[in-house]
Chemist: 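I'd like to ask you about the structure that follows.
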Amino acid sequence: MDKQSIKVARRTRRRIGIRKRLLGTPQRPRLTVYKSLLHIHAQVIDDMAGKTLVSASSVEKDVRAAGKTGNAASAAAVGEALAKRAKAAGVTAVVFDRGGFKYHGRIKALADAARKQGLQF
């Protein structure tokens, strides 16, 4: 196995382990994050109903207009947009699912920006 496939396999194992412990309820839905090299996506999900309540991504025009999409600044913009939409939908507290990614860099920037907008983790 090459280095990249080992890295992907490790992240998949971490993601599965995290998902075993987390469950999004109507009172505290799950905020899940996915990042690629160019973009970052975040969703607030109610696992009991199996529905996505709100979502935000760096693919969207208002976030993309700020400049590059694969950096911490765009991740923070996504976090702010997601928190505003979640509060508008009546969600104030969430369970954070980092999706197997390290809590560092863009993931941390998104979480901090969402907290700054009033979303509780």
Side-chain angles (χ1 to χ4, degrees):
M1 288 176 61
D2 62 337
K3 190 173 183 179
Q4 184 62 32
S5 60
I6 290 171
K7 194 173 183 180
V8 170
R10 285 182 179 163
R11 188 185 80 79
T12 303
R13 282 183 54 204
R14 280 193 307 270
R15 182 177 58 84
I16 291 169
I18 290 168
R19 281 292 290 126
K20 283 181 185 177
R21 294 184 302 253
L22 296 180
L23 181 69
T25 62
Q27 295 80 24
R28 260 180 99 95
R30 178 171 53 98
L31 188 159
T32 185
V33 179
Y34 176 75
K35 69 173 184 166
S36 66
L37 288 175
L38 292 179
H39 297 288
I40 190 160
H41 308 272
Q43 298 178 342
V44 175
I45 302 170
D46 178 5
D47 289 322
M48 302 301 243
K51 298 205 178 209
T52 299
L53 305 175
V54 293
S55 66
S57 174
S58 62
V59 177
E60 297 169 1
K61 273 190 175 181
D62 55 341
V63 176
R64 212 171 3 140
K68 286 189 167 186
T69 57
N71 57 17
S74 68
V78 170
E80 289 175 7
L82 183 77
K84 288 177 185 174
R85 292 175 191 171
K87 288 180 80 176
V91 176
T92 56
V94 295
V95 177
F96 189 63
D97 177 7
R98 57 190 172 89
F101 298 106
K102 290 182 179 179
Y103 186 80
H104 183 300
R106 291 190 284 163
I107 303 293
K108 186 175 187 290
L110 186 141
D112 289 344
R115 278 191 195 104
K116 191 179 278 188
Q117 290 296 323
L119 206 57
Q120 295 177 351
F121 287 41

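Since the structure is predicted, the reported quantities are computational estimates derived from the model, not experimental observations. Sequence positions, counted from 1, serve as the residue numbers for this chain.
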Chemist: Ignoring hydrogens and angles, write down the donor-acceptor pairs under 3.5 Å from the side chains of residues 48-56, residues two or more places apart or on other chains.
Modeler:
none

Chemist: Other hydrophobic cluster members with Val95, side-chain heavy atoms of Ile/Leu/Val/Met/Phe/Trp/Tyr under 4.5 Å, chained?
Modeler: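 Taking Ile, Leu, Val, Met, Phe, Trp and Tyr as members, Val95 shares its hydrophobic cluster with Ile18, Leu22.
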
Chemist: Tell me which pairs pass salt bridge (Lys or Arg N to Asp or Glu O under 4.0 Å) where either residue lies in residues 57-81, with sequence neighbours left out.
Modeler: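 For residues 57-81: Glu60-Arg85.
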
Chemist: About how many Å separate CD of Gln27 and CG of Asp46, when rounded to the nearest 0.5 Å?
Modeler: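 Between atom CG of Asp46 and atom CD of Gln27 there are 8.5 Å.
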
Chemist: Any side-chain heavy atom of Val33 sitting closer than 4.5 Å to one from Arg98?
Modeler: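 Sidechains of Arg98 and Val33: no contact.
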
Chemist: Other than Ile16, what residues sit in its cluster of Ile, Leu, Val, Met, Phe, Trp and Tyr side chains whose heavy atoms are under 4.5 Å apart, directly or through others?
Modeler: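 Result for Ile16 is none, singleton.
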
Chemist: Strictly distance-based, threshold 3.5 Å: is any side-chain N or O of Arg106 a donor or acceptor partner for the main-chain N or O of Asn71?
Modeler: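 Checked: no pair found.
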
Chemist: Any pair with a residue in residues 11-25 that passes salt bridge (Lys or Arg N to Asp or Glu O under 4.0 Å), sequence neighbours left out, goes on the list, sorted by first then second residue, please.
Modeler: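 Counting only pairs at least two positions apart or across chains, the salt bridge (Lys or Arg N to Asp or Glu O under 4.0 Å) contacts touching residues 11-25 are Arg19-Asp47.
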
Chemist: Could you pull out all donor-acceptor pairs under 3.5 Å where a side-chain atom in residues 110-121 meets a protein atom, sequence neighbours excluded?
Modeler:
{"from": "Asp112", "atom 1": "OD1", "to": "Arg115", "atom 2": "NH1", "distance (Å)": "3.3"}
{"from": "Asp112", "atom 1": "OD2", "to": "Lys108", "atom 2": "NZ", "distance (Å)": "3.2"}
{"from": "Arg115", "atom 1": "NH1", "to": "Tyr103", "atom 2": "OH", "distance (Å)": "3.1"}

Chemist: Please check this pair: side chain of Ser58 against backbone of Ile40, looking for a donor-acceptor N/O pair closer than 3.5 Å.
Modeler: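 Checked: pair present.
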
Chemist: Quick one: closest heavy-atom pair of Ser74 and Val63, and the distance?
Modeler: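 In this case the closest contact between Ser74 and Val63 is O-CG1, 4.0 Å.
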
Chemist: Can you tell me if Ser57 uses its side chain to pair, donor with acceptor, with the backbone of His41 under 3.5 Å?
Modeler: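 Judged by distance alone, no pair lies under 3.5 Å.
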
Chemist: Answer yes if Ile45 and Ile107 sit in the same cluster of Ile, Leu, Val, Met, Phe, Trp and Tyr residues linked by side chain heavy atoms under 4.5 Å apart, and no otherwise.
Modeler: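 Different clusters: Ile45 never reaches Ile107 through Ile, Leu, Val, Met, Phe, Trp or Tyr contacts under 4.5 Å.
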
